[in-house]
Amino acid sequence: MAKPAQGAKYRGSIRDFPDFDPSQDAEALYTAMKGFGSDKEAILELITSRSNRQRQEVCQSYKSLYGKDLMADLKSELSGDLARLILGLMMPPAHYDAKQLKKAMEGAGTDEKALIEILATRTNAEIQAINEAYKEDYHKSLEDALSSDTSGHFKRILISLATGNREEGGEDRDQAREDAQVAAEILEIADTSSGDKTSLETRFMTILCTRSYPHLRRVFQEFIKMTNYDVEHTIKKEMSGDVKDAFVAIVQSVKNKPLFFADKLYKSMKGAGTDEKTLTRIMVSRSEIDLLNIRREFIEKYDKSVHQAIEGDTSGDFMKALLAICGGED
C-alpha cells in the first residue's frame, strides 16, 4: 500500500460529539450508576461517543452536580478489562500514557514492549506532556524512573526518546547520506572505518532518536541505495534483544505509524488468548489520533477488519466497548 504522503491526514475514530451538554451527560451517568446494579450499556455508549476533551468536562460537571468523583464511581461500578478500558478513556491522554509507562515498570519484570511502543511513537509535544503528567502523578521524573528500571544501551535509547528532542524539520540530503553510512557500518554491511563500535552505536542511536521523520525516510532510502538492503530487515538480522526491538519500532513508526499499530493490534488478538492490555492501550491511545488509518492498514494487510478481529476475539461488554471505539466495520 502506498505510503501516506507527507502531512497526510491522520484520522481518529472518535470526534467531538455534536450538541454536547456536559451536565446532561453527568446526569445520565449518575442515573446509570444509581441503585443496585449499573446500566453498563448506557455508561459504555455515552463514554465511547464523547471526545476526551468532552469527557473531562463531564467529570467536572459530575463533581459540581453531585460532589462526587466520576472516576471513583465508575471504578466501583465496573471491573476487569471493561474497567481498564473505560477508565483509560476517561483519563487525559498524557496522564494515560504516563500511567501505562508506570505500569510497564512496576513489579518484578519490566514490560519492555509497552515502553518501546509508547516512547517510540509519540510526537515531541506528546512526549513533553507525558513528562509533565508523570511528574505530576508520581512525583518523580520519567527519566529517573526509566533510569532505575532499565539498563545499558536500551536505557540510553529510552531516555533519549523520553526527552522529546526529535528534530521537526525536513530532510538534509548530504546529512542523510552520512547517516546512512553510519547505519551501514553499525549494521556491518559496510567496512567499518570511522571509529570504534561504541561511538558508532551512539551515533546510530542519535540518528534514530533525534532526526525528523522526513529526514529518516530519506536516510532509509539512501541506506537501500548504498547497501541494497532494507534498514528494518537488517536491524532484525544484526541486532538482538530490547535494543533491536526499540530500533525496529522507531523505523516502523517512521515508515508508517498506523501500520506499526495495526501489526501490534493483530498480534494482540492472534492465536490462543488475547493480550487485553496491549489491545486496550492501543484502542484508547489511538482513538482520536489515527485509528481510522490503523483500520485501513489492518484490513489491507490481514484481509480482515479490526471490527471482525475484535468480534472474534473478545466478548461481552468489553467487546461492545471496543467495537464502539473502533467506530464501524470496514
Side-chain angles (χ1 to χ4, degrees), residues 100-101 104-105 108-122 127 142-143 145-163 165-166 176 179-192 194-213 215-224 226-268 270-271 275 277-278 281-282 297 301:
Q100 301 310 305
L101 290 168
M105 294 184 275
T110 304
D111 181 352
E112 291 85 3
K113 289 199 169 17
L115 295 178
I116 292 168
E117 177 206 302
I118 296 169
L119 293 173
T121 58
R122 302 306 191 250
I127 294 273
L142 175 57
E143 186 177 325
L146 289 166
S147 272
S148 53
D149 204 71
T150 56
S151 60
H153 204 56
F154 181 56
K155 170 170 100 174
R156 295 189 7 236
I157 296 165
L158 293 181
I159 287 176
S160 178
L161 291 172
T163 54
N165 248 345
R166 196 175 282 290
D179 290 347
Q181 180 65 35
V182 171
E185 288 177 23
I186 188 77
L187 296 168
E188 294 178 346
I189 291 178
D191 303 326
T192 300
S194 55
D196 63 307
K197 186 90 180 190
T198 327
S199 70
L200 265 178
E201 276 191 354
T202 307
R203 281 173 68 193
F204 186 54
M205 179 186 93
T206 305
I207 291 164
L208 285 181
C209 295
T210 65
R211 300 280 196 257
S212 73
Y213 273 31
H215 180 80
L216 283 171
R217 287 191 193 109
R218 168 66 57 194
V219 173
F220 302 159
Q221 286 165 359
E222 293 295 337
F223 185 87
I224 292 177
M226 203 176 276
T227 65
N228 282 326
Y229 290 102
D230 171 68
V231 76
E232 181 186 335
H233 178 77
T234 313
I235 290 170
K236 285 176 176 165
K237 204 168 120 249
E238 296 295 333
M239 295 187 150
S240 61
D242 297 330
V243 171
K244 175 193 80 174
D245 292 344
F247 283 156
V248 166
I250 295 168
V251 171
Q252 289 175 338
S253 177
V254 168
K255 284 182 174 174
N256 183 337
K257 200 179 283 186
L259 178 59
F260 168 82
F261 284 114
D263 286 339
K264 289 262 171 292
L265 271 184
Y266 180 76
K267 285 194 188 98
S268 75
K270 137 181 171 259
D275 174 358
K277 280 199 182 107
T278 303
R281 190 174 57 239
I282 293 175
E297 297 294 348
K301 181 163 178 180

Asker: Closest heavy-atom contact between A262 and E297?
Answerer: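 Shortest heavy-atom contact: CB-CB, 4.0 Å.
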Asker: Are the side chains of Y229 and E238 in touch, meaning some heavy atoms are under 4.5 Å apart?
Answerer: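 Of all side-chain heavy-atom pairs linking E238 with Y229, none is under 4.5 Å.
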Asker: Side chains of Q100 and D111: closer than 4.5 Å at any heavy-atom pair?
Answerer: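 When only atoms from C-beta onward are counted, D111 and Q100 do not touch, as no gap falls below 4.5 Å.
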Asker: Supply the atom-to-atom distance E222 CD to Q181 CD, rounded to the nearest 0.5 angstrom.
Answerer: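 Rounded to the nearest 0.5 Å, the CD-CD separation comes to 11.0 Å.
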Asker: When you measure from the side chain of T150 to the backbone of S147, do you find a donor-acceptor pair of N or O atoms at a distance under 3.5 Å?
Answerer: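 Absent.
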Asker: Do any N or O atoms from the side chain of K257 and from the backbone of T121 form a donor-acceptor pair under 3.5 angstrom?
Answerer: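 Flag set: sc K257 to bb T121 pair under 3.5 Å.
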Asker: Does S253 use its side chain to pair, donor to acceptor, with the backbone of I250 at less than 3.5 Å?
Answerer: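 No; judged by distance alone, with no hydrogens or angles, the pair does not exist.
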Asker: Here's a test for you: under salt bridge (charged side-chain N to carboxylate O under 4.0 Å, His left out), which of R211, R203, R217 qualifies with D179?
Answerer: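 The residue from R211, R203, R217 that satisfies salt bridge (charged side-chain N to carboxylate O under 4.0 Å, His left out) with D179 turns out to be R211.
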Asker: Can you tell whether the side chains of E117 and K264 come within less than 4.0 Å, N to carboxylate O?
Answerer: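 No, this pair does not count.
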Asker: If you round to the nearest 0.5 Å, how far is SG of C209 from CZ of R166?
Answerer: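 Those atoms lie 6.5 Å apart.
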Asker: Please report the closest heavy-atom contact between H215 and A176, naming both atoms and the distance.
Answerer: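 For H215 and A176, the tightest heavy-atom pair comes out as CE1-N, 3.5 Å.
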Asker: Quick check: closest heavy atoms across F204 and A183, and the distance to 0.1 Å?
Answerer: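 Distance-wise, the nearest heavy atoms are CE1-CB, 3.6 Å.
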Asker: Output the distance between atom CD (E201) and atom CD1 (I157), rounded to the nearest 0.5 Å.
Answerer: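 If I round to the nearest 0.5 Å, the distance is 8.5 Å.
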Asker: Do you know the tightest heavy-atom contact between A246 and F154?
Answerer: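 Shortest heavy-atom contact: CB-CE1, 4.1 Å.
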Asker: Can you tell me how far the CD1 atom of I116 sits from the CG atom of L158, to the nearest 0.5 Å?
Answerer: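 Going from the CD1 atom of I116 to the CG atom of L158 covers 6.5 Å.
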Asker: Determine, step by step, whether M205 and V243 satisfy the side chain to side chain contact (heavy atoms under 4.5 Å, CB included) criterion, reporting the C-alpha distance in whole Å, the side-chain angles of both residues, the deciding distance to 0.1 Å, and the verdict.
Answerer: CA-CA 10 Å; M205 179 186 93; V243 171; over 6 Å; no
Asker: Could you measure the distance from the CZ atom of F247 to the CD1 atom of I207? Nearest 0.5 Å is fine.
Answerer: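 Here the interatomic distance stands at 9.5 Å.
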Asker: In Å, rounded to the nearest 0.5 Å, how long is the span from CE of M105 to CG of L146?
Answerer: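 It is 4.5 Å, given to the nearest 0.5 Å.
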Asker: Does this structure show an ion pair linking D230 with K255, if we count only N-O contacts that are shorter than 4.0 Å?
Answerer: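 Looking at D230 and K255, the cut-off is met.
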Asker: Below 4.0 angstrom, N of the basic side chain to O of the carboxylate: do K267 and D275 qualify?
Answerer: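 No salt bridge links K267 with D275.
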Asker: Considering only heavy atoms from C-beta outward, does the side chain of V248 approach that of M239 to under 4.5 Å?
Answerer: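 When only atoms from C-beta onward are counted, M239 and V248 do not touch, as no gap falls below 4.5 Å.
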Asker: Step through the shown structure and confirm whether more than 12 heavy atoms of other residues, nucleotides or ligands are within 6.0 Å of NZ on K244.
Answerer: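 Buried by this count: over 12 neighbours within 6.0 Å.
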